[in-house]
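Numbering of residues begins at 1 and proceeds along the displayed sequence. The structure displayed is predicted, hence computed values, not measured ones. Whatever order the structure lists ligands and atoms in, that order sets their numbers, starting from 1. These numbers come from the heavy atoms of this one structure, side chains and all, not from hydrogens, waters or symmetry mates.
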Amino acid sequence: MTLLIRGGTVVTHDETYRADVLCVDGQIAAVGPDLEVPAGAEIIDAAGQYVMPGGIDPHTHMQLPFMGTVASEDFYTGTAAGLAGGTTTIIDFVIPSPGQSLMEAFETWRGWADKAAADYAFHVAITWWDDSVREDMGTLVREHGVNSFKHFMAYKNAIMATDDILVESFTRCLELGAVPTVHAENGELVYHLQQKLLAQGITGPEAHPLSRPPQVEGEAASRAIRIAGTLGAPIYVVHVSCKDSLDEITYARQQGQAVYGECLAGHLVIDESVYRNKDWDTAAGYVMSPPFRSKAHQDALWKGLQSGNLQTTATDHCCFCAEQKAMGKDDFTKIPNGTAGIEDRMAVLWDEGVNSGRLSLQEFVALTSTNAAKIFNLYPRKGAVRVGADADLVVWDPKGTRTISAKTHHQNIDFNIFEGKTVTGIPRHTISQGKWVWRDGELHAERGAGRYLERPAYPGVYDVLKRRAEVNTPTAVDRD
Ligand code: DUC
Ligand code: ZN
Ligand code: ZN
């Protein structure tokens, strides 16, 4: 199949220039001015628009079994909604139950993901520890292209990884050349605060942020970063929501530590007042962890993106409908944690980031695609506009507008955390594996078209560690 994107402005993480882009059989075959139109080619007119790498959402949870229910968005509906929003790759999470074999869980998630409409990869969570977990991590890295492992420092009595597990697993990641990642919240403190609030009779969604204040996140981020630093491992902190954890990342990076941080579109623009909405269903619709924070924290996150201390944006896309959220009607700790966003991430980041002058075009591309590809070893197959890369592209109309609503979105959920927000700057066309899957408001997602992406260990972020180790290794003279 041949597709020519004509007359647009190509934007990558480091360049902006006028060029046509030719896609042949799923890959980018040529990039340059005034390319000839091959016989039989489909043509997209991109005049006045930007041609960018398709988005990579490095943090999603499609059809996740969680808190007594299952996320309503499956791998087909979720990746299709992503395509409508310009996102062409996701990295989802295999989350074994404590005691469950990692390989068994991995095969289960692989089966579920068969119906994906866009390419996908997996992080695998470490929720317990013994020798078989250690072995399976090796098998996943060496034979299945998994190069990142997730650790939930919260969710006590469920999937929480305690310090002993972090030490074992980070050590193993270092041996294997994989990247440890953490959900940084102190699970003991969250549990303590939840029980205290319930005992005081505070049972509604307004208690959710009170049980997970910024200190709880800052403490866990500090602990995880210092454990990784002591072991010499890199570390990636998912959904950084507040200044407290950002400060820990920034400080460690200033010391030369290989620390990376991700931030969610929602945390950049939604504040904690949503939990005080008088309508229970609306307030519960925003329940996710870590919770939305005050405007001061949002400002800090924008500065984190601008300064390079945060490198990626994601969504933690994890959908629960009103009926599911109602499981926590009498007890906020039972409200399934999760919100949607895969369809809106790029438009929200463009509208609030690029239009406001907070981010340049190149920074937008880096933050929505290229940096995630580099950190998780998908680059330059993904995250690039260059010959030989996968033809995963978004044609972005900077003047197009859309009012976000659950009534019109493609996500399989009856709620949208950005409801009513009008964005300027929208994906006009999305190309996935060289196919024109989003055509000016029409979705042509194909069930099962998505491919599993192998992500080899090393070099990725380990290149940074290797170079620093070389520079910092004392010479014989130093030792004298
Ligand atoms: N946070 C959520 O809100 N949902 C899924 C898992 C998580 O860490
Ligand atoms: Zn999380
Ligand atoms: Zn998550």
Interatomic distance, His13 atom NE2 to Ser360 atom OG [nearest 0.5 angstrom]: 11.5 Å
More than 12 heavy atoms from other groups under 6.0 Å of OH on Tyr191: no
Which residue and atom name correspond to the protein heavy atom nearest atom 7 (C) of ligand 1, and how close is it? Tyr155 OH, 3.3 Å
Going by ring-ring contact (aromatic ring centres under 6.0 Å, His included), Phe93 matches just one of His183, His59, His317. Which one? His59
Cut-off under 2.8 Å, centre the Zn ion (ligand 2), protein N/O/S atoms: His183 ND1, His239 NE2
Considering only the protein, which heavy-atom contact is closest to atom 8 (O) of ligand 1, and what is its distance? His183 ND1, 2.9 Å
Run the numbers for me: atoms of ligand 1, each under 4.0 Å from some heavy atom of Asp316, listed by number. 1 (N), 2 (C), 7 (C)
Protein heavy atom at shortest distance from atom 1 (N) of ligand 1: Ser289 O, 2.9 Å
What part of Leu64, side chain, backbone, both or neither, has a heavy atom within less than 4.0 angstrom of ligand 1? neither
Could you tell me whether a side-chain N or O of Thr60 sits under 3.5 Å from a main-chain N or O of Met62, the two making a donor and an acceptor? no
State whether Tyr379 and Lys374 meet the cation-pi test: NZ (Lys) or CZ (Arg) under 6.0 Å from the six-membered ring centroid, and within 45° of the perpendicular axis. yes
Considering only heavy atoms of Phe152, which atoms of ligand 1 have at least one such atom less than 4.0 Å away? 8 (O)
Sub-4.5 Å side-chain heavy-atom contact between Asp164 and Trp129: no
CG (Asp131) and CG (Asp136) are apart, to the nearest 0.5 Å, by 11.0 Å
Nearest protein heavy-atom contact for atom 4 (N) of ligand 1: which residue, which atom, what distance? Asn337 O, 2.9 Å
Could you pull out every donor-acceptor pair under 3.5 Å between side chains of residues 203-210 and any protein atom, sequence neighbours left out?
{"residue": "His208", "atom": "NE2", "partner": "Met288", "partner atom": "O", "Å": "2.7"}

Under the criterion side-chain hydrogen bond (donor to acceptor under 3.5 Å, both in side chains), which of Asp344, Thr424, Thr408 is the partner of Arg402? Asp344
